[in-house]
Undergrad: 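Take a look at this one; I'll ask things after.
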Amino acid sequence: MSGQVDPLQLWQHILKILSNELNNDMSFNTVLKPSRLATLDDGRAVIEVPNDFIKSVIERRYLNLIKDIFNSVLKQNTSVEVRINPTGFDSELVQENLPISDDTSEVKAFSDDLTPSLNQKYTFDTFVVGNSNRFAHAASQAVAESPAKAYNPFFIYGGVGLGKTHLMHAIGHYILQRDPNCKVVYLSSEKFTNELINSIRDDKNVEFRNKYRTIDVLLIDDIQFIAGKERTQEEFFHTFNALHDANKQLVISSDRPPKEIPTLEERLRSRFEWGLITDIQPPDFETRIAILQKKAMMENLIVPDDVINFIATKIETNIRELEGALIRVVAYSSLTNCPIDMQLAEQVLKDLIPNGKPKQVTSVQIVKEVGNYFSINPEDFKSKKRTKDLAFARQVAMYLCCELTDLSLPKIGEEFGGRDHTTVIHARDKITSDMQQDIQLLNAIESIKKKILYS
Ligand SMILES: Nc1ncnc2c1ncn2[C@@H]1O[C@H](COP(=O)(O)OP(=O)(O)OP(=O)(O)O)[C@@H](O)[C@H]1O
């Protein structure tokens with residue numbers, strides 16, 4: 001039977017099943033998608049992947065599932081081997097030990113042809129409105145209804161994980177729904193900077209300018225990262241003017257208001273203040289409950305009210321963490337086959353300190369405990385080395401820094417040898433996702449956390 005199968009088609013089919021099974025875009029896109037079925041002979045499948053990291057993740061986590069799918073699709077016992085063969089894969093995947101581009105899959109920037117790539121989940125429909133975000137939500141809707149007419153620029157600021165990106169994407173979706181030909185571009189200011197640097201390097205300034213000055217709606221996230229980058233500010237200033245003069249909509253987000261962004265040129269600051277500035281505050285208890293209920297409903301999860309209340313009481317300041325806690329409880333229940341109840345929730349979330357993150361934890365303590373656990377020298381966390389074990393331990397440590405400290409993402413990057421904040425975002429999201437599928441990792445991280453918090 002296997003002799004008649006087109007490996008390419010078969011692999012596409014298997015990937016499709018895997019994607020459904022895993023119900024997890026991030027692992028799928030980053031680990032499984034960059035792979036191919038090289039040969040299939042006599043019940044023996046060889047899968048090729050671009051690097052050792054992907055190989056080891058597939059072997060550790062997905063091999064049995066892949067085998068099962070082969071068996072059921074081919075109706076014969078199939079052995080599966082994973083091999084490294086970097087040729088023919090995207091060069092980024094091959095060079096890097098980590099198979100991931102800078103963007104998290106949650107928030108993909110647009111592709112080079114400026115096709116918007118917005119997270120499907122971030123719409124107005126899925127956004128829960130409460131006192132903390134009512135104004136930002138209403139203003140976002142007004143902007144989406146009448147781009148470049150209501151408020152231009154529209155500036156949203158607020159703390160980490162409070163829904164700024166969600167609202168920006170919702171604006172993008174809404175505008176595109178009404179006018180699919182509208183050129184809507186979403187990107188982070190970091191991406192803007194990187195593209196600018198590339199354009200300078202490749203002598204493509206004109207192309208860069210034309211690209212950004214011919215769009216209808218520019219959604220630019222995390223503008224605070226252009227602080228101190230003079231050339232980027234200069235270029236963004238011209239982009240801003242060109243778009244604004246042409247009556248195009250600009251939506252800008254930041255973790256703080258324009259006047260508090262250090263080393264932001266005055267002319268940019270004043271432009272950011274031309275339109276409407278609105279903030280998002282941490283959600284109140286009722287909104288946290290509503291967010292958890294909505295999330296559970298969207299994911300078809302049945303979570304008892306007392307567990308929802310418990311999570312909403314434990315986590316007050318960050319909606320991403322709120323969702324993360326719910327996911328952890330649900331993952332733990334499905335991995336251990338225990339029902340979701342208060343006992344389980346208390347066990348899974350016992351290390352969470354009420355009222356947000358414990359301020360006293362430092363990255364040094366985290367690196368020490370993670371290093372102890374994985375038998376890695378703390379110094380190595382800052383190094384350029386990227387051996388498999390070290391890279392993984394570093395991601396765990398970055399994840400814990402996001403969870404347990406108040407350090408900003410760029411600051412965490414700095415603590416790990418000057419790595420980019422997008423690397424930190426990737427580490428955080430990857431470990432969050434891995435924990436949902438790997439009970440051992442979940443337990444390991446719980447035990448490291450306990451050491452950090454209580455010893
Ligand atoms: N009001 C809300 N209703 C439903 N989900 C929300 C709401 N606010 C935030 N979220 C969810 O919380 C998570 C974090 O939100 P988002 O990424 O938009 O935060 P952010 O403010 O852009 O954070 P950062 O500063 O880290 O970029 C997302 O999954 C988002 O969908």
Side-chain angles (χ1 to χ4, degrees), residues 19 23-26 28-29 103-111 114-188 215-222 249-253 276 278-283 286-301 318-324 326-327 425 429 432-433:
S19 152
N23 193 17
N24 181 332
D25 290 350
M26 193 157 78
F28 180 76
N29 285 330
D103 298 302
T104 66
S105 65
E106 257 194 352
V107 184
K108 277 181 236 152
F110 61 91
S111 59
L114 289 184
T115 311
S117 173
L118 303 169
N119 188 324
Q120 289 304 324
K121 291 184 183 161
Y122 294 174
T123 62
F124 285 124
D125 284 346
T126 57
F127 192 85
V128 174
V129 183
N131 289 336
S132 57
N133 57 29
R134 197 177 306 283
F135 187 61
H137 173 260
S140 300
Q141 278 190 320
V143 167
E145 290 275 350
S146 320
K149 294 199 180 72
Y151 310 109
N152 201 13
F154 176 46
F155 193 102
I156 316 176
Y157 73 89
V160 172
L162 294 183
K164 303 181 292 292
T165 304
H166 190 136
L167 278 179
M168 291 184 115
H169 284 215
I171 294 172
H173 282 304
Y174 192 92
I175 293 174
L176 279 169
Q177 233 170 29
R178 295 174 89 186
D179 177 6
N181 294 323
C182 192
K183 271 197 186 172
V184 176
V185 171
Y186 164 83
L187 81 166
S188 65
I215 55 190
D216 298 315
V217 178
L218 178 61
L219 310 165
I220 189 144
D221 214 347
D222 289 326
Q249 178 71 49
L250 289 125
V251 180
I252 301 164
S253 91
L276 179 71
T278 169
D279 67 331
I280 304 191
Q281 294 293 326
E286 288 73 19
T287 313
R288 296 201 296 280
I289 298 266
I291 289 172
L292 289 168
Q293 282 170 339
K294 182 137 198 160
K295 177 89 184 162
M297 197 185 72
M298 279 165 51
E299 308 278 333
N300 288 325
L301 306 169
N318 181 329
I319 297 172
R320 188 177 294 111
E321 279 181 15
L322 197 65
E323 293 183 343
L326 176 68
I327 290 167
I425 293 178
D429 293 348
T432 307
S433 148

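Throughout, residue positions are numbered sequentially from 1 according to the sequence presented. Remember, it's a predicted structure, so these values are computed and weren't measured experimentally.
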Undergrad: Let me confirm one number: the CD-CD1 distance from E299 to I327, rounded to the nearest 0.5 Å.
TA: 6.5 Å

Undergrad: Side chains of I220 and L187: does their closest heavy-atom pair fall under 4.5 Å?
TA: yes

Undergrad: May I have the list of side-chain donor-acceptor pairs in residues 136-148 shorter than 3.5 Å, sequence neighbours left out?
TA:
| from | atom 1 | to | atom 2 | distance (Å) |
| --- | --- | --- | --- | --- |
| S140 | OG | A136 | O | 2.7 |
| E145 | OE1 | R178 | NH1 | 3.2 |
| E145 | OE2 | Y174 | OH | 2.7 |

Undergrad: I need the Y122 OH to L118 CG distance, nearest 0.5 Å.
TA: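 CG of L118 is found 11.5 Å from OH of Y122.
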
Undergrad: Can you name the nearest heavy-atom pair linking L162 to P283, along with the distance?
TA: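 The answer is CD2-CD, 4.0 Å.
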
Undergrad: Is the side chain of K164 donor-acceptor paired with the backbone N or O of G159 at a distance under 3.5 Å, no angle test?
TA: yes

Undergrad: Side chains of I280 and Y157, heavy atoms from C-beta outward: is any pair under 4.5 Å?
TA: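 A side-chain contact under 4.5 Å is absent here.
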
Undergrad: Using the side-chain contact (heavy atoms from CB on, under 4.5 Å) rule, take V217 and V185 through it: C-alpha gap first, then chi angles, then the decisive distance, then the call.
TA: CA-CA 6 Å; V217 178; V185 171; over 6 Å; no

Undergrad: Just wondering, more than 12 heavy atoms not from K294 lying within 6.0 Å of its NZ?
TA: yes

Undergrad: Could you check if a side-chain atom of H173 sits within less than 4.5 angstrom of a side-chain atom of Q120, using non-hydrogen atoms only?
TA: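 Side chain of H173 against side chain of Q120, heavy atoms only: contact under 4.5 Å found.
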
Undergrad: How about L250 and F155: do any of their side-chain heavy atoms sit closer than 4.5 Å?
TA: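 L250 does not reach F155 side chain to side chain.
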
Undergrad: Kindly compute the distance separating NE2 (H169) from CZ (F124), expressed to the nearest 0.5 Å.
TA: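 Result: 12.0 Å between the selected atoms.
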
Undergrad: Applying salt bridge (Lys or Arg N to Asp or Glu O under 4.0 Å), which residue pairs with at least one partner in residues 152-162 are found, sequence neighbours left out?
TA: none

Undergrad: Nearest 0.5 Å please: distance from the OG atom of S253 over to the CG atom of D221.
TA: 3.5 Å

Undergrad: Just how far is it from atom NZ of K295 to atom CG of L322, taken to the nearest 0.5 Å?
TA: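 So the gap between those two atoms works out to 10.0 Å.
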
Undergrad: With sequence neighbours excluded, tell me which residues meet side-chain contact (heavy atoms from CB on, under 4.5 Å) with Q293.
TA: I289, D305, I308

Undergrad: Locate the shortest heavy-atom distance separating L176 from C182; write the atom from each residue and the value.
TA: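 Residues L176 and C182, closest heavy atoms: CD2-O, 3.4 Å.
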
Undergrad: Are I291 and I319 close enough that some pair of their side-chain heavy atoms sits under 4.5 Å apart?
TA: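 With C-beta onward as the side chain, the pair touches.
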
Undergrad: Can you tell me how far CG of L276 sits from OH of Y151, rounded to the nearest 0.5 angstrom?
TA: 5.5 Å

Undergrad: Is it true that T126 and H166 share a donor-acceptor pair across their side chains at a distance under 3.5 Å?
TA: yes

Undergrad: For residues F154 and I171, determine if any side-chain heavy atom of one lies less than 4.5 Å from a side-chain heavy atom of the other.
TA: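 Result yes, sub-4.5 Å side-chain heavy-atom pair found.
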
Undergrad: Indicate whether any N or O donor in one side chain lies under 3.5 Å from an N or O acceptor in the other, for S188 and D222.
TA: no

Undergrad: Give the intermediate values and the outcome of side-chain contact (heavy atoms from CB on, under 4.5 Å) for residues V184 and L219.
TA: CA-CA 8 Å; V184 176; L219 310 165; 3.9 Å; yes

Undergrad: With no hydrogens and no angle check, is any side-chain donor or acceptor of N133 less than 3.5 Å from a backbone partner on G130?
TA: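 Yes, N133 side chain to G130 backbone: donor-acceptor pair under 3.5 Å.
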
Undergrad: Given side chains that start at C-beta, do those of P282 and N318 come closer than 4.5 Å, heavy atoms only?
TA: no

Undergrad: So do D216 and Q249 actually touch side chain to side chain, heavy atoms under 4.5 Å?
TA: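 When only atoms from C-beta onward are counted, D216 and Q249 do not touch, as no gap falls below 4.5 Å.
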
